[in-house]
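Everything numeric here is computed off the predicted structure, so don't read it as measured data.
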Amino acid sequence: MINAVGNRMTTEIRRQSNLAQAISDSQTQVSTGKRLQTASDDPVASSRLAILRQSNANDAAWAKNISLAASLSAQADNMLKSASDLIGRAKELLLAGASSSVSPTDRTTMALELRDIAGELDRFQATTSVTGDRLFADVQPLRMRIDSDVTIIAVPGRPELFEVGGINVSDLVRSAASALETGDSVLISASLTAIDGGISQIADSAAKVGLRAAQIDRVNESHLTRKITREAERAALEDTDLSQALATLNAQTITLEAAQAAFARINRRTLFDILS
């Protein structure tokens, strides 16, 4: 009988020890705000959390590329807007110089301004980006991965944006300056046609860059949506439900206190009480 009593006491002590450990675990969940402390707490949830963390790491790398692509696209858009204003001004000068009432001296002055515009267009095309490279690449434009299955050239190459039939728009403006200096109406008319082509080219280029910027924005919005969704899933898997955890902790504490009180009362009995 003594052995039976000893076994019951050992079992009860073990039960109370397990309860104390469960209380400690619940207190940790409440204090840290994390339901899972080790992978063994929930292997399936822990495996899914590892996948979510890897997805977040991938998106963080792509987010840097998205930010860079957006920055390059915005810079290119500003350059093209300025180029559009300049080539528009070139047409104004050419139209004004085509008038027979304009003196050769005035045409020379207008030609000087046209050459200044051509030089400014050259400088725009040579602009350096935040990467330290040419914003408008001469050969191979920068291609970036912005998602698992999406790569993008944020800014097309210089020839694609600034050339009309293989002729740079700045050279079209220089030719217009030369035509204006001659006063030859045929040459001036041909230059007007060429400048109109340059205006269309810059407008088309701005549209291309705008489309790339819109694509970058869409991918970025997709990333943000995925991030929110993943965070909600992570929280559901990992974070502590405080109301439930506190209720569980309270119940565990009451159970342990009751067991300890009962155990103390039982063990006040003497050996003679047990043998009788």
Side-chain angles (χ1 to χ4, degrees), residues 68-143 152-214 216:
L68 175 58
S71 175
L72 295 177
S73 180
Q75 187 181 6
D77 183 62
N78 287 333
M79 292 293 100
L80 288 167
K81 285 178 180 176
S82 297
S84 178
D85 292 340
L86 285 173
I87 201 165
R89 173 58 180 165
K91 182 175 181 179
E92 290 175 6
L93 289 168
L94 200 54
L95 284 171
S99 172
S100 59
S101 62
V102 176
S103 68
T105 301
D106 288 339
R107 286 198 182 95
T108 299
T109 302
M110 292 175 182
L112 286 172
E113 185 175 350
L114 284 171
R115 288 193 173 90
D116 285 342
I117 288 172
E120 193 65 19
L121 288 170
D122 284 338
R123 283 190 288 276
F124 285 164
Q125 295 174 57
T127 297
T128 301
S129 73
V130 292
T131 65
D133 300 316
R134 288 284 185 90
L135 178 63
F136 306 106
D138 285 325
V139 182
Q140 185 61 46
L142 177 63
R143 180 180 291 275
I152 191 172
I153 295 174
V155 181
R158 181 195 57 74
E160 183 179 349
L161 297 179
F162 290 96
E163 290 187 3
V164 182
I167 302 174
N168 197 291
V169 292
S170 59
D171 290 332
L172 295 179
V173 174
R174 287 189 181 90
S175 295
S178 297
L180 199 59
E181 284 176 329
T182 66
D184 188 314
S185 60
V186 175
L187 291 177
I188 292 174
S189 179
S191 288
L192 276 170
T193 300
I195 290 296
D196 282 337
I199 290 173
S200 295
Q201 175 64 25
I202 295 299
D204 290 344
S205 297
K208 286 180 182 178
V209 170
L211 288 172
R212 305 288 173 91
I216 293 166

Which heavy atom of Val209 sits nearest a heavy atom of Pro156, and at what distance? CG2-CD, 4.1 Å
Side chains of Ile202 and Leu86, heavy atoms from C-beta outward: is any pair under 4.5 Å? no
Listed once per pair and sorted, the salt bridge (charged side-chain N to carboxylate O under 4.0 Å, His left out) pairs that draw on residues 202-212, sequence neighbours left out: Glu160-Lys208
Could you give all pairs that pass the salt bridge (charged side-chain N to carboxylate O under 4.0 Å, His left out) test and reach residues 176-189, with sequence neighbours left out? Arg115-Glu181
Looking at every heavy atom in both Val164 and Gly198, which two are closest together, and how far apart are they? CG2-CA, 4.0 Å
Output the distance between atom OG (Ser178) and atom CD1 (Ile188), rounded to the nearest 0.5 Å. 11.5 Å
Can you list the residues that meet the side chain to side chain donor-acceptor pair (under 3.5 Å) rule with Asp106, with sequence neighbours excluded? Ser103
Roughly how far, to the nearest 0.5 Å, is CG of Leu72 from CD1 of Ile152? 10.5 Å
Ser84 side chain to Leu80 main-chain N or O, any donor-acceptor pair under 3.5 Å? no
Atom pair CG (Asp77) and OG (Ser82), whose distance is rounded to the nearest 0.5 Å: 9.5 Å
To the nearest 0.5 Å, atom CZ of Arg89 lies from atom CG of Asp116 at 11.0 Å
Judged by atom type as modelled, is there a donor-acceptor pair below 3.5 Å linking the side chain of Glu163 to the main-chain atoms of Val169? no
Atom pair CZ/OG1 of Arg107 and Thr105 - distance to nearest 0.5 Å: 10.5 Å
So, do Val173 and Ile195 sit near enough that their side-chain heavy atoms are less than 4.5 Å apart? yes
Give the intermediate values and the outcome of side chain to side chain contact (heavy atoms under 4.5 Å, CB included) for residues Ile117 and Leu93. CA-CA 11 Å; Ile117 288 172; Leu93 289 168; 4.0 Å; yes
Pairwise side chain to side chain donor-acceptor pair (under 3.5 Å) hits with a residue in residues 118-128, at least two apart: Glu120-Arg123, Asp122-Ser170, Asp122-Arg174, Gln125-Asn168
How would you list all residue pairs meeting salt bridge (charged side-chain N to carboxylate O under 4.0 Å, His left out) that involve residues 126-138, not counting sequence neighbours? Arg134-Asp138, Asp138-Arg158
Can you list every pair that meets side chain to side chain donor-acceptor pair (under 3.5 Å) and has a residue in residues 185-198, with sequence neighbours left out? Lys91-Asp196
Rounded to the nearest 0.5 angstrom, the CG-CG distance for Asp171 and Leu121 is 10.0 Å
Heavy-atom nearest pair, Thr131 first then Ser129, reads OG1-OG, 2.7 Å
Here the pair of heavy atoms bringing Gly157 nearest to Pro141 is N-CG, 3.5 Å
Quick check: do Leu95 and Leu192 have side-chain heavy atoms less than 4.5 Å from each other? yes
Where Ala83 and Phe124 come nearest, the two heavy atoms and their spacing: N-CE1, 3.7 Å
Closest non-hydrogen atom pair between Ala76 and Phe136, with its separation: CB-CE2, 3.9 Å
